[in-house]
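We name chains A, B, ... by the order of the sequence lines, and we start the count at 1 in each one.
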2 protein chains.
Amino acid sequence: MSQQELKKAGLKATVPRLKILKILEAKQGKHMRAEDVYKCLLASDEDIGLATVYRVLTQFEQAGLVVRHHFDGGHSVFELDQGEHHDHMLCVKCGRVDEFVDDIIEERQKAIAEQGGYKITDHSLHIYGVCPACQKNAA
Amino acid sequence: MSQQELKKAGLKATVPRLKILKILEAKQGKHMRAEDVYKCLLASDEDIGLATVYRVLTQFEQAGLVVRHHFDGGHSVFELDQGEHHDHMLCVKCGRVDEFVDDIIEERQKAIAEQGGYKITDHSLHIYGVCPACQKNAA
DNA sequence: CCACTAATGCAAAAGCTTCTCATTTCTATA
DNA sequence: TATAGAAATGAGAAGCTTTTGCATTAGTGG
Ligand SMILES: [Mn+2]
Ligand SMILES: [Mn+2]
Ligand SMILES: [Zn+2]
Ligand SMILES: [Zn+2]
């Protein structure tokens, strides 16, 4: 029950938070903007404000329930924290997003941080390109 | 003379473009926001609008004179194109930015794109952490 | 030096996100 | 279960960065 998840995260189990969590669970693997979540709520006839969506997503992020990414374009996208970190490869034509993990890159990053004396807290790696489908379309 | 650089890039050699290019050259190695460039212009008593700064920076980017980055925080930063690509490591406390290149990572990225069938156009790697100086401050 | 076109400054507007505050909802407790 | 206090919410205003419209100005080729 998600009621417990919220309590465990130190958050009151309110209707907006439960609904938003459910939406994120339903769209697992997708990367949603606040606006997208809001539209889902509207479609479900929920009377929840956009401001609340932003507030809740930020709280979820701080609680470790979701991860926020800053893809090019100037807005944040969110996804349920799947437990293990991954990076992203994005199609600049259609917006498709692929996820990947590369141990060698992860390791090199740690080495670079250490070499610079940084205590690493986070990192983001985005590969931009044209996906196979869009390459075919262009040809 | 920067007059030539602009012509070569297919851009008219106007006063705003010359001034902005000079500022970027003066601050080589720094990462400036449009607002930062604008403040420099004001400090030099130049009567150039912020809108023009944004327009010119975008043109410079398209002409390959400058590179635009999207660091966390929702705004763009620009730097003169130094000819060879590099990635960034940023201090989350003081905003310090270090640059680095890692051939192994570059190579792995290409391999990942190829494996996914993507034709890679660009990529960004940001390592966030606490720099040596800020670690000392905290202790 | 002129005429033509491109570029500029300013103000308005757009897009995303945060804030304010009156009102509502949780939750702990009796 | 009823209640009081604290936390959360909805609606709209406001904040920030960036873009756009338009009248005016400034480069450029001839
Ligand atoms: Mn993802
Ligand atoms: Mn740089
Ligand atoms: Zn595509
Ligand atoms: Zn620092």
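- Taking 4.5 Å as the limit, every side-chain heavy atom of Q28(A) sits out of range of all side-chain heavy atoms of L24(A).
- The distance from atom CD1 of I48(B) to atom C1' of dT24(D) is 16 Å, rounded to the nearest whole Å.
- One can place CZ of F78(A) at 10 Å from C1' of dT17(C), the figure rounded to the nearest angstrom.
- Screening K19(B), K39(B), R17(B) for a salt bridge (Lys or Arg N to Asp or Glu O under 4.0 Å) with E46(B), the sole residue that qualifies is K19(B).
- For K7(A), the listed nucleotide lying nearest its side chain is dT27(C); candidates were dC16(C), dT27(C), dT17(C).
- Relative to the side chain of A51(A), the nucleotides dT8(C), dC19(C), dC16(C) differ in distance, and dC19(C) lies closest.
- Toward the 5' end of DNA chain D, the nearer of the two residues R55(B) and P16(B), judged by each one's closest nucleotide, is R55(B).
- The side chain of D47(A) has dA11(D) as its nearest neighbour among dA11(D), dC10(C), dT19(D).
- Contact annotation: Y54(A) reaches the phosphate of dT17(C) (side-chain N/O to OP1 or OP2, under 4.0 Å).
- Between the CD atom of E35(B) and the P atom of dC16(D) there is a distance of 10 Å, rounded to whole Å.
- In this structure, R17(A) places its CZ atom 10 Å from P of dC26(C), rounding to the nearest Å.
- The shortest distance between the side-chain N/O atoms of T14(A) and the OP1/OP2 oxygens of dT9(D) is below 4.0 Å.
- Atom pair L18(B):CG and dA6(C):P shows a separation of 19 Å (rounding to whole Å applied).
- Between Q59(A) atom CD and dT17(C) atom P there is a gap of 16 Å when expressed in whole angstrom units.
- The same ILVMFWY cluster, assembled from side-chain heavy atoms under 4.5 Å apart, contains both L65(A) and L18(A).
- Per the geometry, CZ belonging to F71(A) stands 17 Å off C1' belonging to dC16(C), to the nearest Å.
- Residue V15(A) has its side chain nearest to dC26(C) when only dC26(C), dA11(D), dT19(D) are considered.
- Side-chain atoms of T52(B) lie closest to dG9(C) of the nucleotides dG9(C), dT18(D), dT28(D).
- Comparing dG10(D), dT27(C), dT18(D) against the side chain of A34(B) picks out dT18(D) as the nearest.
- The 5' end of DNA chain D is approached more closely, in terms of each residue's nearest nucleotide, by V53(A) than by the other of V53(A) and S76(B).
- Across the protein-nucleic acid pair, L42(B) atom CG and dG9(C) atom C1' stand 13 Å apart, rounded to whole Å.
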Item to complete: Start with the C-alpha gap between H85(A) and E106(A), add the side-chain angles, then the distance that decides, and say whether side-chain hydrogen bond (donor to acceptor under 3.5 Å, both in side chains) holds.
Response: CA-CA 10 Å; H85(A) 162 83; E106(A) 298 293 324; 3.1 Å; yes
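- Looking only at side-chain heavy atoms (C-beta outward), H69(B) and E79(B) come within less than 4.5 Å of each other.
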